[in-house]
Amino acid sequence: MPREVVDLPYQVEYLSILDEDGHVLDEDLEPEIPEDRLLRLHRTMLLARRFDERMLHLQRQGRIGTFAPVRGQEAAQMGIVAALRESDWMVPSFREQAASLWRGQSLESFLLAYGGFYQGNELPGNQMPEGSRNLPVAVPVGTQPLHAVGLSYAIQYRGQDDVVVTFFGDGATSEGDFHEAMNFAGVFQTPTIFVCQNNQWAISVPRSRQTNSETLAQKALAYGFPGRQVDGNDILAVYVAAEEAAERARSGDGPTMIECITYRLSMHTTADDPSRYREEEEVEEWRRRDPLPRFQAYLKQRDMLSDSDIEEAEEEILGEIQDAIDGAEERMEELANEELSMFDHMYAEMPPYLREQRDQLARELGRKEGNDA
Amino acid sequence: MPREVVDLPYQVEYLSILDEDGHVLDEDLEPEIPEDRLLRLHRTMLLARRFDERMLHLQRQGRIGTFAPVRGQEAAQMGIVAALRESDWMVPSFREQAASLWRGQSLESFLLAYGGFYQGNELPGNQMPEGSRNLPVAVPVGTQPLHAVGLSYAIQYRGQDDVVVTFFGDGATSEGDFHEAMNFAGVFQTPTIFVCQNNQWAISVPRSRQTNSETLAQKALAYGFPGRQVDGNDILAVYVAAEEAAERARSGDGPTMIECITYRLSMHTTADDPSRYREEEEVEEWRRRDPLPRFQAYLKQRDMLSDSDIEEAEEEILGEIQDAIDGAEERMEELANEELSMFDHMYAEMPPYLREQRDQLARELGRKEGNDA
Amino acid sequence: MPKMTMVDALNTALHQEMEQDDSVMVLGEDVGVDGGVFRVTEGLLDAFGEKRVIDTPLAEAGIVGTSIGMAIFGLRPVCEIQFSGFSYLAFHQLEAHAARMRWRSRGAYTVPMVLRTPYSGGVRALEHHSESREAYWAHTPGLKMVIPSTPRNARALLISAIRDPDPVIFYEPKAVYRAFREEVPEEEETWPIGKAQVVREGEHLTMISYGAMMRPTLEAADKLAQEDDVEAEVIDVLTIAPLDHHTFAESAKKTGRVVIIHEAPRSFGPGAEIVARLIESSFWYLEAPIRRVTGYDVVIPLFAYEKAYLPSAGRVLAAARETLESPA
Amino acid sequence: MPKMTMVDALNTALHQEMEQDDSVMVLGEDVGVDGGVFRVTEGLLDAFGEKRVIDTPLAEAGIVGTSIGMAIFGLRPVCEIQFSGFSYLAFHQLEAHAARMRWRSRGAYTVPMVLRTPYSGGVRALEHHSESREAYWAHTPGLKMVIPSTPRNARALLISAIRDPDPVIFYEPKAVYRAFREEVPEEEETWPIGKAQVVREGEHLTMISYGAMMRPTLEAADKLAQEDDVEAEVIDVLTIAPLDHHTFAESAKKTGRVVIIHEAPRSFGPGAEIVARLIESSFWYLEAPIRRVTGYDVVIPLFAYEKAYLPSAGRVLAAARETLESPA
Ligand SMILES: Cc1ncc(C[n+]2csc(CCOP(=O)(O)OP(=O)(O)O)c2C)c(N)n1
Ligand SMILES: Cc1ncc(C[n+]2csc(CCOP(=O)(O)OP(=O)(O)O)c2C)c(N)n1
Ligand SMILES: [Mg+2]
Ligand SMILES: [Mg+2]
């Protein structure tokens, strides 16, 4: 008929549970998470925070290379993975240290990988242990959600009820691959949870210049599945959103996109100087919404955590990190001369021409490992 | 606040003006198009239809190669370009014969190009005359809207008030480049009109399996600019939608997406057999909505056109097409031995190694044109 | 022994592998209901259902990226890109992920996928439908790159590619698709990836080619025998990467004279690598400069001039004669 | 004559060209407010405003496709891809459109754009930040491919690239960005695209290299002079496509011995094409097989082993000595 409005069954919801001081806004929404799990979440969040700080020092001292600090985004990541099973898959980008620690990655593996050793991806208990379901870091922005779609298609094909979560940033939503992943997921109704860590910046480009849409969550509407926003610095809200999305996915109702509204409190990577493009006041404002003290305030209100508990944990964590650093640095020394490993894992079997090149390098390095390592 | 619905200022409108019999549904919406322009539109639509039919015969006879018939989509294309200025730009995909004829492309140029001669892109009055603003056919699906964004950015930078229209199909909306083009246009508020010819099929894939969204128009909402649907077999509705979008663009209000709901009545290309994937009943149903008789009925109701006018035009057109074919075939014969032209237009200046290769081909062809053609 | 076209042979391989292994999946544009625009996947949807034979949305990076995810899970996706000219929309997925996932994860995650796509000119097609750019993939560490030339080796190589634990780009010479029939044995055959085949023995000259160019090459070899009393050894490369340079070297050392034929653009094309490897392995045996008969370094023209672009038996013959004339 | 780093020199070229020609535009990720992650575009936003120095959304095909549209209009976009490892997301835009628009439209529409992007290893970077895949672009008819090696030739070549009527891929060796300073004359200089430069004359051996590998190459040449009494002629390729094979041939005919050095993977890399051209032009003059000193055919390792991957002066020297030892 002449001019009519097409009926579209959509809206974008925003969810938050804790206020900035850690008070519960609506008790009906508060998730039921067992105390020991809540405390484990806190312990890991604290570990992620301190490890991040320590890695920054190591980088400044030249002991490791570039990495992307996670500071400020811990709740947005951990609330998601805390709501998942171990058998669910995680497809990360490059800033998911907090989520990965929760999913079992070891501190040493990070240190090795950022120390320039791909063997960081080999350690037991690292991001790829036997039977692990965490994919390695994906550096090319926005390209990994498609792998999540393929994994989740395969899960469905095999009649399993696991789900796949993929993390990416606000900037990543501009890449064509993000669009193709969302569209495939919508068409095939795969059990995929698309988690956008909207930390307000893609290096120097603010969210407002990344795209002209009011929210990132509404992008899901273009693919015919739900998108929602959540206070990403509120671990409970993130948890609830992930739980709901996982339930949808497991019961065959298809994908969900979750936009976690959060903030990168630190630099983009250690190669970046954020003072070139953003105001200290903005950072200050977001510091007040820091997910860590907020979660701690909540736990204290529920009498699960005391200041002395925190102190104790802090101390333990510092020791744990120091041990990891000592272990990793020792390992790096051991590995320093294993250059020939660069020919490993290119193919299941090393083709003859690679073996020839490997022999050549071995001769050059003056070592004997030429022929049958 | 806990759970709240985010306010999004969007809706998708559907516009139609003529019913299937060519009656005006709402006179307030009827555009004011001068009679001679309406008649010219009809004349070109008829030409596009007959030329399409004739090209199909030529292809079947092996006199030209593969092409993509336009049958059924004439109104969806011509309604758009009829609302534009000559100085506006058109960035087509590969099925825009009707739009291109309106914009001045010659019949011969089509015949040459589909006859395998890139010189089809060189003829005067073709798609690329001096100062032309029609880009050549873009075969890789969904890749050309970005060029429209670049052109429209440049127009704005130069302070001109032209607009750029780009055509693509329903299938093209799945490509990452479509997404990137829409996003850039939204961010930079470029004077771009994105026209999706939703002809219900992408080769054998129906619209419903291309994406899970209710409409294609709503995809624009993901980029923060208006998307609308229009009855694409109703040239008046298409015209009005284009006029409104062009006005928005010219006055600096940014891009619009128009989804023309139409139908490919013929095969995908001459290499395709649609009976493998769609039912004749569906085609039959859409034949009843054929844009040509509908437009004719409208013009008759307005006493602008009679059956004998149509007969006369038909006859004229057949002659015109025959002349074009004769001309093109003669030209193809003349051009048959100009293989060396394959080295032209690779670069502004032919680099030495290409000149050497050209000389080699010249020797092989036993011709003398080696050195300074 | 049934006589098959290459399309039949590929279709047979897909049927058989899907039958034997339920982790083999087929996905791409129009591969299901339509059976593929060249009908290579015909009948698979009926036989294996839409969960395994997937008509995807129109998005090449989507097809390849989804295949990568499936392969990491443990499936064996065989995806189709409708024409190789459109595979570049997925270039980054192949270079950044398919080629590197095993390496990046130190063997924990692997990508046993096949990307099938028609390449080659000579079928009166539109722009972007006739390219030969196998060198892009061959230059990408972590990928394998295979090009069959006949129905029989197409079936054998596709089976090998599907079973291969690493990502294989499988270019199908569309000019050969229905050009001729060949007897293909009933029983299963495979052909090792990474191995070239000497398809004609000879001692005067080595001709190295692959894919659709094998036909003009063999035609030229026949002419040389008939008209010049020259026996050319003809090698079908079959696997472009990893390249079987030992087979080339053996022949070059015997004949001392080499001509390489491909339809890809000459500069930075596969022929260059074959020359370089021969110089490294067989320099002292060469009695004439190695010649390349290739496509020119231009966009392959629309079909009116395609014949002039593509190496013909005549061009191959001329190059062979020049090579034979070089002082010994 | 001010002493400049390569970053300074490139920045100077951009400033100057934007000053002189208001059709020159700069666009890319973080090129505006941030001045580019390597600061090559520093100060341009302040000088020329956000209409001409455009921070784009994070989308490489978007950046390149938009640049193509601008160039068709008649502007001269200079876009930046943050690292060459991400340029493959725009591969199809470059292959299908930038490289072909002039050809397709028979000269009516042209794409005078430059794509600047850092390549090369050796800066302790993350995965995908150290690749050298210039061969992809060099194998693509319609594109030009340029790689400077010093501040002075970087400035001259970037100016030439911006003024060039065709699309130019401009790889910047990030290992050289701040590695040393060089005197760059105040007055404008250009360097013709398509011309190599003999940077050291010699008669015993020809060494051909470019980009970041010029330094180990020149170091090896110095060592040869000091320790072996050998004068190596060193050629800086500068333009990878179109390749200036006449300059190579002239030198090879004089010295009879050639070593080629690049950090790109060996197989199907630029060195192969240089070998093939030399065989075509200079076979009868060669006194030893041409050797390639290159990156290995693996993914360039994370930085701990990068040194072992990259050709070093020592590796170049060893190859040079082997080449010199071949019987004459
Ligand atoms: C395809 C690609 N382009 C560019 C880059 C360089 N780069 C790394 S991170 C980044 C910004 C990412 O922003 P966002 O997606 O918001 O994630 P965040 O860094 O904020 O976590 C850019 C441009 C890249 N890694 N990959
Ligand atoms: C990037 C790319 N992938 C695949 C193709 C092959 N192809 C040509 S047209 C087409 C379908 C296009 O569908 P749609 O966008 O709806 O346009 P329509 O053909 O219906 O006009 C396909 C898959 C192509 N030309 N380009
Ligand atoms: Mg961000
Ligand atoms: Mg369609």
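Every heavy atom of this structure was used, including side-chain atoms; hydrogens, water molecules and symmetry mates were not.
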**Q** Can you say whether S282(C) sits under 4.5 Å from chain D via the side chain, the backbone, both, or neither, judging by heavy atoms?
**A** neither
**Q** With sequence neighbours left out, write down each residue that passes side chain to side chain donor-acceptor pair (under 3.5 Å) with T323(D), or none if nothing qualifies.
**A** R291(D)
**Q** Taking all atoms of both residues into account, what is the closest heavy-atom pair of S132(C) and H139(D), and its distance?
**A** O-NE2, 4.5 Å
**Q** Given a strict heavy-atom distance threshold of 4.5 Å, which part of E131(D) is in contact with chain C: side chain, backbone, both, or neither?
**A** side chain
**Q** With a 4.5 angstrom heavy-atom cut-off, could you sort out which part of L143(D) is near chain C: side chain, backbone, both or neither?
**A** neither
**Q** If you count heavy-atom pairs within less than 4.5 Å of chain C, which of I274(D), L89(D), L302(D), V275(D) leads?
**A**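 Result: the option with the highest number of such pairs is L89(D).
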**Q** Strictly below 4.0 Å, N to O, side chains only: are R292(C) and E280(D) in salt-bridge contact?
**A**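 Judged by the 4.0 Å cut-off on N to carboxylate O distance, R292(C) and E280(D) do form a salt bridge.
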**Q** With a 4.5 Å cut-off on side-chain heavy atoms, are P141(D) and Y296(C) touching?
**A** no
**Q** What closest approach, in Å, do P289(C) and W284(D) show between heavy atoms, and which atom pair accounts for it?
**A**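 Looking at all heavy atoms of both residues, the shortest contact is CD-CZ2, 3.6 Å.
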**Q** Can you see whether R277(C) engages S267(D) through a side-chain donor-acceptor pair at a distance of less than 3.5 angstrom?
**A**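 Note: R277(C) and S267(D) side chains meet the donor-acceptor criterion.
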**Q** Which bit of V299(D) is near chain C, if near means a heavy-atom gap under 4.5 Å: side chain, backbone, both or neither?
**A** both
**Q** Between Y88(C) and Y88(D), does the ring centroid distance fall short of 6.0 Å?
**A** no
**Q** Apply salt bridge (Lys or Arg N to Asp or Glu O under 4.0 Å) to E273(D) and R266(C), showing your working.
**A** CA-CA 9 Å; E273(D) 180 61 27; R266(C) 177 172 315 165; over 6 Å; no
**Q** Under the side chain to side chain contact (heavy atoms under 4.5 Å, CB included) criterion, do T140(D) and Y136(C) qualify, and how do the steps go?
**A** CA-CA 9 Å; T140(D) 304; Y136(C) 291 152; 2.5 Å; yes
**Q** What's the separation between atom CG in L286(C) and atom CD1 in I279(D), rounded to the nearest 0.5 Å?
**A** 7.5 Å
**Q** Looking only at heavy atoms and a cut-off of under 4.5 Å, which of A135(C), P265(C), A241(C), G142(C) has the most pairs with chain D?
**A** P265(C)
**Q** Between F91(D) and H92(C), is the ring centroid distance below 6.0 Å?
**A** no
**Q** Taking side chain to side chain donor-acceptor pair (under 3.5 Å) as the definition, give me every residue that meets it alongside R315(D), ordered by chain and number, with sequence neighbours left out.
**A**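 By the side chain to side chain donor-acceptor pair (under 3.5 Å) rule, R315(D) matches E364(A).
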**Q** Name the region of F283(D), side chain, backbone, both or neither, that has any atom closer than 4.5 Å to a heavy atom of chain C.
**A**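 Looking at F283(D), just its side chain touches chain C.
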**Q** Taking every heavy-atom pair that is under 4.5 Å apart, which of I240(D), L94(D), I260(D) has the most such pairs with chain C?
**A** I240(D)
**Q** Taking every non-hydrogen pair under 4.5 Å, which of P242(D), S87(D), A288(D), A90(D) racks up the most with chain C?
**A** A288(D)
**Q** Report the distance from atom CZ of R100(D) to atom NE2 of H128(C), rounding to the nearest 0.5 Å.
**A**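 Atom-to-atom, R100(D):CZ and H128(C):NE2 are 4.5 Å apart.
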**Q** Side-chain contact test, heavy atoms from C-beta onward, threshold under 4.5 Å: evaluate it for E127(D) versus W103(C) and give yes or no.
**A** yes
